[in-house]
Student: 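Got a structure for you, questions after.
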Amino acid sequence: MSGATHWWWIRHAPVPGGGTRIFGHKDVDCDVSDAASLRALAAVLPQNAVGIVSPLKRTRQTYDALIGQGATLPPPIVEPDLAEQSFGLWEGLSWPEMEAADPLTYTAFWADPTRNAPPEGESYAAMLERVGAAIAAITARHPGGDLVCVSHGGTIRAAVATALSLAPETAMAIVIDNLTLTRISFVEGGLLRGRAGAWMIRGVNIPSRPA
């Protein structure tokens with residue numbers, strides 16, 4: 001659509017142990033050995049886009065790997081507010097380890113897990129507000145262009161939730177896998193001649209290649 005600002009979100013490559021542990025702001029390496037998936041993603045990304053990563057190195061490693069597989073991308077802008085949710089003292093732990101370390105805090109967290117914060121971390125509701133504000137600011141700075149952002153599962157989930165005005169609890173139903181593409185577009189002035197929202201959902205959790 002002419003005049004729209006297009007976001008191309010990619011979740012970073014998998015982190016070893018990421019299926020059982022929560023890393024949050026912990027700055028860990030990712031595994032970029034899946035050349036076929038990276039090459040498939042690189043082939044569909046636009047040229048002349050603005051590149052964006054979070055401050056966590058797994059996003060920059062994935063971004064560089066996409067370039068290595070043929071993506072035409074400029075040096076990326078680092079956006080701190082597009083980082084993953086902070087899990088504070090729980091980062092690097094599995095859920096059973098969190099419970100064993102502090103059963104009372106763990107039980108209290110699960111009473112309202114999207115609005116309660118992990119110890120010395122942030123709640124998902126707070127993260128959703130942070131990411132939403134960052135998306136609005138970045139979109140305003142780059143109207144009418146393409147934005148390729150390598151980020152995190154929680155961040156991309158928050159982007160979709162922002163576009164659809166979802167509550168934090170509802171947002172948690174959105175699945176974002178590693179090395180998948182999610183596309184949303186902002187339409188200045190809104191849809192339906194200004195009588196509907198301003199965001200279009202073009203695809204969520206699109207596989208980098210057929211299963």
Student: What verdict does the side chain to side chain contact (heavy atoms under 4.5 Å, CB included) test give for T155 and W9, after you've listed the backbone C-alpha separation in whole Å, the side-chain angles of each residue and the deciding distance to 0.1 Å?
Tutor: CA-CA 9 Å; T155 307; W9 294 90; 4.0 Å; yes
Student: Quick check against the 3.5 Å criterion: does E97 have a side-chain atom that pairs as donor or acceptor with the backbone of S94?
Tutor: yes
Student: Among T162, L164, V204, I201, which residue meets the side chain to side chain contact (heavy atoms under 4.5 Å, CB included) test with I184?
Tutor: I201
Student: Please check if atom NZ in K26 has more than 12 non-hydrogen atoms from other residues, nucleotides or ligands closer than 6.0 Å.
Tutor: no
Student: Report whether L73 and L38 are members of the same hydrophobic cluster (ILVMFWY, side-chain heavy atoms less than 4.5 Å apart, transitive linking).
Tutor: yes
Student: Would V148 end up clustered with L66 when hydrophobic side chains under 4.5 Å apart are linked, directly or stepwise?
Tutor: yes
Student: Is the backbone N or O of N116 less than 3.5 Å from a side-chain atom of Y124, with the two atoms forming a donor-acceptor pair by type?
Tutor: no
Student: Does any N or O in the side chain of R157 come within less than 3.5 Å of the main-chain N or O of I174, such that one atom is a donor and the other an acceptor?
Tutor: yes
Student: Can you name the closest pair of heavy atoms from A111 and P113 and give their distance?
Tutor: C-CD, 4.0 Å
Student: With sequence neighbours excluded, give me every side-chain hydrogen bond (donor to acceptor under 3.5 Å, both in side chains) pair touching residues 70-93.
Tutor: E79-R141
Student: With a 4.5 Å cut-off on side-chain heavy-atom distances among I, L, V, M, F, W and Y, is there a chain of contacts connecting L82 to F87?
Tutor: no
Student: Could you tell me the separation between the OG1 atom of T62 and the CZ atom of R11, rounded to the nearest 0.5 Å?
Tutor: 10.5 Å
Student: Should V32 and I176 be regarded as members of a common hydrophobic cluster, given that ILVMFWY residues are connected when their side-chain heavy atoms come within less than 4.5 Å of each other, either directly or indirectly?
Tutor: no
Student: When you measure from the side chain of R39 to the backbone of D34, do you find a donor-acceptor pair of N or O atoms at a distance under 3.5 Å?
Tutor: no
Student: For W7 and T139, which I'm curious about, is there any donor-acceptor pair between the side chains at under 3.5 Å?
Tutor: yes
Student: In this structure, would I206 and L179 fall into the same cluster of hydrophobic residues linked by side-chain contacts under 4.5 Å?
Tutor: yes
Student: Would you check if there is a donor-acceptor pair between the side chains of N205 and T180 at a distance under 3.5 Å?
Tutor: yes
Student: Looking only at non-hydrogen atoms, find the nearest pair between A159 and V131 and report the distance.
Tutor: N-CG1, 4.3 Å
Student: In the hydrophobic cluster built from side-chain contacts under 4.5 Å, what are the other members alongside V28?
Tutor: V15, F23
Student: To the nearest 0.5 Å, tell me how far H12 NE2 sits from D29 CG.
Tutor: 11.5 Å
Student: Keeping the roles fixed (side chain from R21, backbone from G92), state whether a donor-acceptor pair exists under 3.5 Å.
Tutor: yes
Student: Would you say the side-chain atoms of S185 and H6 include a donor-acceptor pair closer than 3.5 Å?
Tutor: yes
Student: Is it the case that the side chain of D31 and the backbone of A13 share a donor-acceptor pair, with hydrogens and angles ignored and the cut-off at 3.5 Å?
Tutor: no
Student: Quick one about T59 and H152 (side-chain donor to acceptor, distance below 3.5 Å, no hydrogens or angles considered), yes or no?
Tutor: no
